[in-house]
Number of protein chains: 2
Amino acid sequence: MQQKKDAPLRSDAQRNRERILEVALAELTHSADAPLSAIAKKAGVGQGTFYRHFPNRESLVLEVYRYEVQQVADTAAQLLETRAADRALREWMDRLAQYAMAKAGLADAMRKATSARGTLAGLGHGAVTSAVTLLLEANEQAGTIRPGVSPDDFMLAIAGLWQIDPHGDWQQRAGRLLDLVMDGLRAGAPGA
Amino acid sequence: MQQKKDAPLRSDAQRNRERILEVALAELTHSADAPLSAIAKKAGVGQGTFYRHFPNRESLVLEVYRYEVQQVADTAAQLLETRAADRALREWMDRLAQYAMAKAGLADAMRKATSARGTLAGLGHGAVTSAVTLLLEANEQAGTIRPGVSPDDFMLAIAGLWQIDPHGDWQQRAGRLLDLVMDGLRAGAPGA
DNA sequence: ACCTGAACACCGTTCAAGT
DNA sequence: ACCTGAACACCGTTCAAGT
């Protein structure tokens with residue numbers, strides 16, 4: 001039987017769900033292919049309960065990753081209020097890079113579990129797309145980037161971030177990539 | 001017991017190895033997580049034989065992908081002989097895109113089986129790096145791109161190619177990405 | 001030196017029985 | 001309505017026996 005649409009979960013089910021997500025974040029960050037059975041056990045629920053909440057690995061990983069990424073997305077608006085559009089864009093990219101490095105293990109889990117190509121792409125139209133749209137529009141209006149760049153274009157351009165090794169000097173590599181992307185975006189801008 | 005270093009394989013072993021690779025290419029292209037046991041069976045070898053040649057999934061996928069990618073890499077030199085440096089670079093990127101789309105299933109297998117971040121990165125320093133080095137140096141000398149771009153920079157910049165869906169209008173998406181990258185590379189070029 | 005295939009271990013998924 | 005945990009299926013890996 002399916003869950004009635006939008007019916008609130010029973011309180012014990014609600015708690016189970018949250019405990020699973022909590023444990024999953026920790027476990028998947030540590031090792032991208034942590035067994036689901038181990039997550040269930042650490043969360044203190046039976047196998048069946050686990051599968052009631054998350055019918056497959058993909059749905060679990062997606063949920064965890066979505067929540068984590070949302071947090072970076074939300075900072076975009078704030079940056080735009082305190083800085084010039086192009087500075088805000090670049091700084092947001094830096095934060096995204098920092099985040100991608102911190103959650104590298106989770107991103108690996110994403111890649112392996114999802115059939116989606118790319119970690120951000122898997123989230124579909126969500127908080128990240130909104131944030132990027134906001135930033136690009138502000139820059140286009142300020143004349144700091146060339147017109148007609150779509151959020152999709154942008155996400156493809158920075159895709160390299162997720163294949164930088166979080167150990168070693170990722171700061172250098174990420175910085176050089178983002179500089180290159182910014183130069184690409186600036187090419188053909190009205191205010192140049 | 002390990003294989004003696006560089007000792008040639010016995011002829012039947014040689015044939016088995018080739019048949020495995022052949023079947024693996026077809027099978028992995030069709031479905032990224034085709035069972036190794038199915039590959040072994042289709043190749044007509046026992047489980048043990050399979051594992052003698054490829055001790056884990058990663059080593060198999062790596063070998064298949066390496067060989068496939070090599071073919072595109074090899075066209076770089078040829079392009080440089082018949083075209084201006086920047087035209088050659090751009091055209092090579094187009095071919096790489098075409099290739100990435102044709103072998104999308106295999107690339108998925110790469111991502112899932114390898115711990116390496118990114119499909120090209122997993123190959124390490126090989127034919128691709130050589131090709132890119134060649135192209136970048138030619139362009140730097142021609143003054144068509146800014147100096148100091150490393151092969152690593154370049155590969156990160158085009159990483160988005162592998163997360164384009166091979167169905168639908170990938171031509172558009174790839175084209176826009178590569179245009180953006182080219183603009184980024186041109187920024188700060190002496191001959192501008 | 002290389003091959004085979006049965007045996008083993010592990011993990012995802014299902015389901016009968018419970019509250 | 002939700003939970004449990006044993007049972008099942010599948011796949012990667014090993015290994016004793018063979019040529």
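Here the structure is a predicted model, which is why all the values come from computation and not from measurement. These values consider heavy atoms only, across backbone and side chains, with no hydrogens, waters or symmetry-generated copies.
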Can you give me the dot-bracket string for DNA chain D, 5' to 3', counting Watson-Crick and G-U wobble pairs with both distances under 3.5 Å, using [ ] for crossing pairs and | for partners on another strand? ||.|||||...|||||.||

Ion pair present between A:R15 and A:D12, side-chain N to carboxylate O less than 4.0 angstrom?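 So A:R15 does not pair with A:D12 through a salt bridge.
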
B:D94/B:R90 ion pair, N-O < 4.0 Å: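 Salt bridge: yes.
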
A:D33 and its salt bridge (charged side-chain N to carboxylate O under 4.0 Å, His left out) partner, picked from A:R57, A:R111, A:K112: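 Between A:D33 and the candidates, salt bridge (charged side-chain N to carboxylate O under 4.0 Å, His left out) is satisfied uniquely by A:K112.
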
Determine whether a donor-acceptor pair (N or O, by modelled atom type, separation under 3.5 Å) exists between the side chain of B:D108 and the backbone of B:G105.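 It does not hold such a pair.
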
Quick one: does any side-chain atom of B:D179 pair with a main-chain N or O of B:R176 as donor and acceptor, under 3.5 Å?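 No: the side chain of B:D179 does not pair with the backbone of B:R176.
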
Between N or O atoms, less than 3.5 Å apart, protein on one side and nucleotides 9-16 of chain D on the other: list the pairs.
residue : atom : partner : partner atom : Å
D:dG12  : OP1  : B:L36   : N            : 3.4
D:dG12  : OP2  : B:L36   : N            : 2.9
D:dG12  : OP2  : B:S37   : N            : 3.4
D:dT13  : OP2  : B:Y51   : OH           : 2.6
D:dT13  : O4   : B:Q47   : NE2          : 3.0

Take the protein atom [atom1] of [X] and the nucleotide atom [atom2] of [N], then report the distance between them rounded to whole Å.
X     : N     : atom1 : atom2 : answer
B:D12 : C:dC2 : CG    : C1'   : 6 Å
A:L9  : D:dC2 : CG    : C1'   : 10 Å
A:I20 : D:dC3 : CD1   : C1'   : 11 Å
A:N16 : D:dC3 : CG    : P     : 5 Å
A:F50 : D:dC2 : CZ    : P     : 17 Å

If we count only N and O atoms by modelled type, under 3.5 Å, do the side chains of B:Q14 and B:E18 hold a donor and an acceptor together?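 Yes, because at least one side-chain N or O of B:Q14 sits under 3.5 Å from a partner of the opposite role on B:E18.
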
Are B:Y99 and B:Q71 linked by a side-chain donor-acceptor pair shorter than 3.5 Å?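 The answer is no; no qualifying pair exists.
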
Of the nucleotides C:dA1, C:dC3, D:dA1, which has the atom closest to the B:R52 side chain?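 Among C:dA1, C:dC3, D:dA1, the one nearest the side chain of B:R52 is C:dC3.
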
Just wondering, do B:E63 and B:S59 contact through their side chains at under 4.5 Å, heavy atoms?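 Side chain of B:S59 against side chain of B:E63, heavy atoms only: no contact under 4.5 Å found.
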
Looking at A:H53, I'd like to know whether one of its side-chain N or O atoms comes within less than 4.0 Å of OP1 or OP2 on D:dC3.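 Checking A:H53 against D:dC3: at least one side-chain N or O falls below 4.0 Å of OP1 or OP2.
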
